[in-house]
Number of protein chains: 2
Amino acid sequence: MNLAPRPDQATDDACRTPAGPTALGAEEAQQKALVFKALADPNRLRLLSIVKADASGETCVCDLTAPLDLGQPTVSHHLKILVEAGLLRREKRGTWAYYSLVPSALDDAAGILGDL
Amino acid sequence: MNLAPRPDQATDDACRTPAGPTALGAEEAQQKALVFKALADPNRLRLLSIVKADASGETCVCDLTAPLDLGQPTVSHHLKILVEAGLLRREKRGTWAYYSLVPSALDDAAGILGDL
DNA sequence: TGCTCATATTGATGACAGTCAATATCGAGG
DNA sequence: CCTCGATATTGACTGTCATCAATATGAGCA
């Protein structure tokens, strides 16, 4: 690859950086992609938004099922993914389950983009 | 849903916020999820990382194919997705194609998380 | 013109994700 | 204990995604 000189640039190795020492490794990339996988669904973004907007800081599942146009098992599934991604925290009190934002988890995700 | 009193909370409507006026609508959510869909793949994160780390600010495709362990068509495909998500910019000079970060695109994505 | 090289597009394939219906679990109350 | 109501789990289905091999495009050059 790339043995001939290029039209518009110097022919030295400046452009041929193999994988810059500062670039992301394969494992780190896979790790970091997990958070964005969790954020890559509109319904999950709405769930996060609702939980964040809730004044009490804790939102019951029954209040998350209605606004989204989804069945209860599906909402439960999305919530599980958000918990596993470290974005939400689940606390069960009696029959009800309350979800709350993990403090600074969203900021951490934003931070990933800052120092890619 | 939710007609009986709850164990630990007041019975008034404070918790029953149907979809808080501040919560994300369906269309906005779908829109915002697009960026994260683009970020939700480890190889695309690595591509962004390499382009960002490149001193020249412009990276040729031939330098992006090697570090990732992927075929050239696959890399081209990922680059297209990143361009369509508004994260990368493509400039073709002669036979070569150079990709560069769209200024502040990553910050904008991070901003979405800030004011979910 | 015709060849070569860099990149993009197409088509096919296997893996994964979102959704639902049905069912399981588990606490609360009678 | 037995039922009810809230949430979680399972299984199946469907659509989307990542990847590759093959091919197309299109610029540079002899």
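Values below: all heavy atoms of this structure, side chains included; hydrogens, waters and symmetry mates excluded. The structure presented is a predicted model; accordingly, all values stated were derived computationally and were not measured. Every chain is numbered from 1 and lettered A, B, ... according to where its sequence line falls, protein lines coming before strand lines.
If you measure from atom CD1 of B:Ile81 to atom C1' of C:dT7, you get 16 Å, rounded to the nearest angstrom. With rounding to whole Å, B:Leu79 atom CG is found 16 Å from C:dA6 atom P. Atom-to-atom, CG of B:Asp41 to C1' of C:dA17 comes out at 14 Å; the value is rounded to the nearest Å. When rounded to the nearest whole Å, the span between CG of A:Asn43 and C1' of C:dC20 equals 14 Å. Put simply, CD on B:Glu84 is 12 Å from P on D:dA18, counting in whole angstrom units. Rounding to whole angstrom units, CG of residue B:Leu64 and P of C:dA6 are separated by 14 Å. In this structure, B:Phe36 places its CZ atom 19 Å from C1' of C:dG18, rounding to the nearest Å. For the pair B:Asp63 CG and C:dT7 C1', the computed distance is 14 Å after rounding to whole Å.
The side chain of B:His78 contributes no N or O atom lying less than 4.0 Å from OP1 or OP2 of D:dC17. Taking only side-chain nitrogens and oxygens, A:Ser76 comes nearer than 4.0 Å to OP1 or OP2 of D:dA8. The phosphate of C:dA6 (OP1 or OP2) has no side-chain N or O of B:Arg93 nearer than 4.0 angstrom. The side chain of A:Thr95 places no N or O atom within less than 4.0 Å of a non-bridging phosphate oxygen (OP1 or OP2) of D:dT7. The side chain of A:Arg90 contributes no N or O atom lying less than 4.0 Å from OP1 or OP2 of D:dT7. In this model, the phosphate group of C:dC20 is approached by a side-chain N or O of A:Thr74 to a distance below 4.0 Å at OP1 or OP2. One finds a side-chain N or O of A:Tyr99 lying less than 4.0 angstrom from the OP1 or OP2 phosphate oxygen of D:dA8. Regarding contacts with the backbone of C:dT9, a side-chain N or O of B:Lys80 is found under 4.0 angstrom from either OP1 or OP2. One finds no side-chain N or O of A:His77 lying less than 4.0 angstrom from the OP1 or OP2 phosphate oxygen of C:dC20.
No side-chain heavy atom of B:Leu48 sits under 4.5 Å from any side-chain heavy atom of B:Lys52. Counting only heavy atoms from C-beta outward, the side chains of B:Gln30 and B:Glu28 never approach each other to under 4.5 Å.
Judged by distance alone, with hydrogens and angles left aside, A:Gln72 brings a side-chain donor or acceptor within reach of the base of D:dA8, the pair sitting under 3.5 Å.
Closest to the B:Lys92 side chain, of the nucleotides D:dA18, C:dA8, D:dT7, is C:dA8. Of all nucleotides listed (D:dT19, C:dA21, D:dT7), D:dT19 comes nearest to the side chain of B:Leu70. In this structure, of D:dA8, C:dG18, C:dT9, it is D:dA8 that holds the atom nearest to the side chain of A:Ala97.
What you find for B:Ala38 and B:Leu87 is that their closest heavy atoms are CB-CD1, 4.2 Å. Residues B:Pro42 and A:Ala29 share a closest heavy-atom pair of O-CB, 3.5 Å.
With respect to A:Arg90 and A:Glu58, no salt bridge is recorded, no charged nitrogen being found less than 4.0 Å from a carboxylate O.
B:Arg93 forms a cation-pi arrangement with B:Tyr98, by the criterion of a distance under 6.0 Å to the ring centre and an angle within 45° of the ring axis.
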